Amino acid sequence: MAEILIVGNPNTGKSTFFNTLTKANAHTGNFHGVTVNFKKAECKVLNCTFVDLPGLYSMSPNSYEEEVSVNYILSHKKSCIVCLCNNQTLRRNLLLATELIDLGREVVVVVNEIGKKIIVDYNKLQEKLGVKVISLKANNKKTFKNFFSFFETKKEEKNTNENYDKFYQEKVLCGCEYYRKLLNISDKISLNNYEYLEKNIKEKYTKIDEILKYSEYKTDHIVGKSKIDKIILNKYLCLPIFLIILFVIFYLTFFSVGKFFSDILRYIIQDLIGENFVNFLNNQNTPQFVVSLVKDGIFSGVGSVVSFLPQVVILFLFLDILEQSGYISRLAFCLDDALKSVGLSGRGVYTLIMGFGCSTTASLTARNMSDNNAKIKTALLSPYMSCSAKLPVYAVIGGAFFFS
Amino acid sequence: MKNFFLSDAKINKQYTIANICNDIDIKTKTRLLEFGFFCNQTVVVRNFSLKKGVLLVELNNQTISLRKKEASCVVVYG
Ligand SMILES: Nc1nc2c(ncn2[C@@H]2O[C@H](COP(=O)(O)OP(=O)(O)OP(=O)(O)O)[C@@H](O)[C@H]2O)c(=O)[nH]1
Ligand SMILES: [Mg+2]
């Protein structure tokens, strides 16, 4: 079965695209470096396997998860590459796409259209890039028609003219550590490398700008701070706002809404079902130790663990809202000073907040941090975030030691 | 016109990049160039954290966050 790699810059919607294609449930989030390892799943429609790879800015990896992607791309030379771009950041995204095309790989450029403010003539873009360009919305399968029909009619493996040697030499001249290691080059990086690097990337961007000019790439002024950003990113307000948000989340989860549903669930399990079942057992003259086992062990024990389910669900809901809304990337910026004073980095916020949901998966997301020292510290700290699976444990220990 | 580092730039004022110094590791320089930091491009600092640990910089209609280390090797004027 053919394998198709989904490659692209971080946060362009690769995992969203992958999930829509394969009905998998890869983790998505509005933050750079959400995916930290590759994930495979089958697509029934096209009868092939898609691989969701961590985001990377170019073929010069700068962090662990980018290396995972580059390794995968370079070790699966036969696989077709879907290079996912985002229409809002197309210029930067095309840098990776052109690198892959220059490498001689079989590339299909897929432009994920988020927001509508950008005008690109995709036919012209396709003509200039020399590879198929398809536009779609990653979260809407109805827009995938062109994508499916292209792959259904696609001929077997094109005769690609791969250029690996030239590509490696170029990267080595650019001083890229990854390729220097690969080719066992140990001489020191010199000023020449810096100059070559600058020239190299400049050339690539000149080419991209020409292509985009031809395909009428227009962007309205989309960035700049919105009113909400002005408040959230305010120097003095950002911390209080964060604390209030955290307080509201925990209040709703553990005291008001969450507690309400927990109490209902506990009532149903222990009082309604449990009590009646125990009465039934008593009527049947069941030995007392069995009744006690059922009453105190199964219904009380399981009941008190299961009754945390609503709180876990609500907590995850809030964490997902935080993640998808882009608040966490703003938080990373705001809390950078505070976290740096304890030897962490702003990017660690993502790991720490996700730690409330599940510490194990959260500690993996620390991988995307470039500072090694901060990375290790963040990963070691994340188990201390009170993750949702620890709640029942607290309840059991608390119940054992503090009866009232 | 006086040249200075992007890390000392005023907020919401437009500057032109004069140069990217070479006294950073090549990895960081690669990333800066890949993000589009070249001579003659215009940049605007939109925000920075209290002690300027990170700067939010606008370049080519995109907001990019730069660490102080990175911002202090981008030379600008304007
Ligand atoms: N409105 C809208 N949002 C989208 C679309 N595609 C992706 N997103 C959002 O964009 C954000 C990033 O999506 P991901 O799929 O996690 O991005 P990714 O490319 O896998 O990112 P990394 O794993 O970090 O490299 C998420 O918040 C998605 O909900 C889309 O077509 N429309
Ligand atoms: Mg992803």
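The structure displayed is predicted, hence computed values, not measured ones. Throughout, a chain's letter reflects where its sequence line sits, starting with A, and its residues are numbered from 1.
- When all heavy atoms are compared, the tightest approach of Leu33(B) to Tyr205(A) is O-CE1, 3.5 Å.
- Shown here are the side chain to side chain contact (heavy atoms under 4.5 Å, CB included) partners of Ile189(A), two or more places apart in sequence or in another chain: Arg180(A), Asn193(A), Tyr194(A), Ile26(B).
- Looking at Leu96(A), there are no atoms closer than 4.5 Å to chain B (heavy atoms on both sides), in backbone or side chain.
- If you measure heavy-atom distances from Leu59(B) to chain A, you find no contacts under 4.5 Å at all.
- The side chain to side chain contact (heavy atoms under 4.5 Å, CB included) search around Thr98(A) returns Leu129(A), Ile208(A), not counting sequence neighbours.
- With a threshold of 4.5 angstrom between heavy atoms, Ser65(B) does not approach chain A through any atom at all.
- Going from atom CG of Leu56(B) over to atom CG of Leu233(A) covers 6.0 Å, rounded to the nearest 0.5 Å.
- Listed options Gly53(B), Ser49(B), Gly36(B) were ranked by heavy-atom pairs under 4.5 angstrom with chain A; first place goes to Ser49(B).
- Taken to the nearest 0.5 Å, the CD1 atom of Ile201(A) stands 5.5 Å off from the OG1 atom of Thr30(B).
- Minimum interatomic distance between Arg31(B) and Tyr57(A) (heavy atoms only, all atoms of both residues): NH1-CD1, 3.3 Å.
- With a 4.5 Å cut-off on non-hydrogen atoms, Glu195(A) does not touch chain B at all.
- Lys202(A) and Cys39(B) get closest at one heavy-atom pair: NZ-SG, 4.0 Å.
- Neither the backbone nor the side chain of Glu99(A) comes within contact range of chain B; no heavy atoms are under 4.5 Å apart.
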*Please walk me through it: do Phe333(A) and Phe48(B) pass ring-ring contact (aromatic ring centres under 6.0 Å, His included)?*
CA-CA 8 Å; Phe333(A) 167 75; Phe48(B) 49 78; 8.5 Å; no
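- Residue-level contacts of residues 71-78 of chain B with chain A do not occur; threshold 4.5 Å between heavy atoms.
- Of the two parts of Cys174(A), only the backbone, made up of N, CA, C and O, holds a non-hydrogen atom closer than 4.5 Å to a non-hydrogen atom of chain B.
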Which atom pairs, one a donor and one an acceptor, fall under 3.5 Å between side chains of residues 336-343 of chain A and the rest of the protein, sequence neighbours left out?
from	atom 1	to	atom 2	distance (Å)
Asp336(A)	OD1	Gly346(A)	N	2.7
Asp336(A)	OD1	Arg67(B)	NH2	2.6
Asp336(A)	OD2	Arg67(B)	NH2	3.4
Asp337(A)	OD2	Leu50(B)	N	2.9
Asp337(A)	OD2	Lys51(B)	N	2.7
Ser341(A)	OG	Ala338(A)	O	2.5

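- You'll find the side chain of Glu34(B) reaches within 4.5 Å of the side chain of Ser60(A), heavy atoms only.
- Looking at Leu197(A), both its backbone and its side chain come within 4.5 Å of chain B, counting heavy atoms on both sides.
- Few gaps surround CG on Leu183(A); more than 12 heavy atoms of other groups in view lie less than 6.0 Å from it.
- In the displayed structure, Lys204(A) atom NZ is contacted under 6.0 Å by more than 12 heavy atoms of other residues, nucleotides or ligands.
- Per-residue heavy-atom pair counts under 4.5 Å with chain B were compared for Cys238(A), Gly175(A), Ser58(A), and the maximum is reached by Ser58(A).
- In Tyr64(A), the OH atom is not crowded: 12 or fewer heavy atoms of neighbouring residues, nucleotides or ligands sit closer than 6.0 Å.
- Annotation: the span from Leu32(B) atom CG to Glu198(A) atom CD amounts to 10.5 Å, rounded to 0.5 Å.
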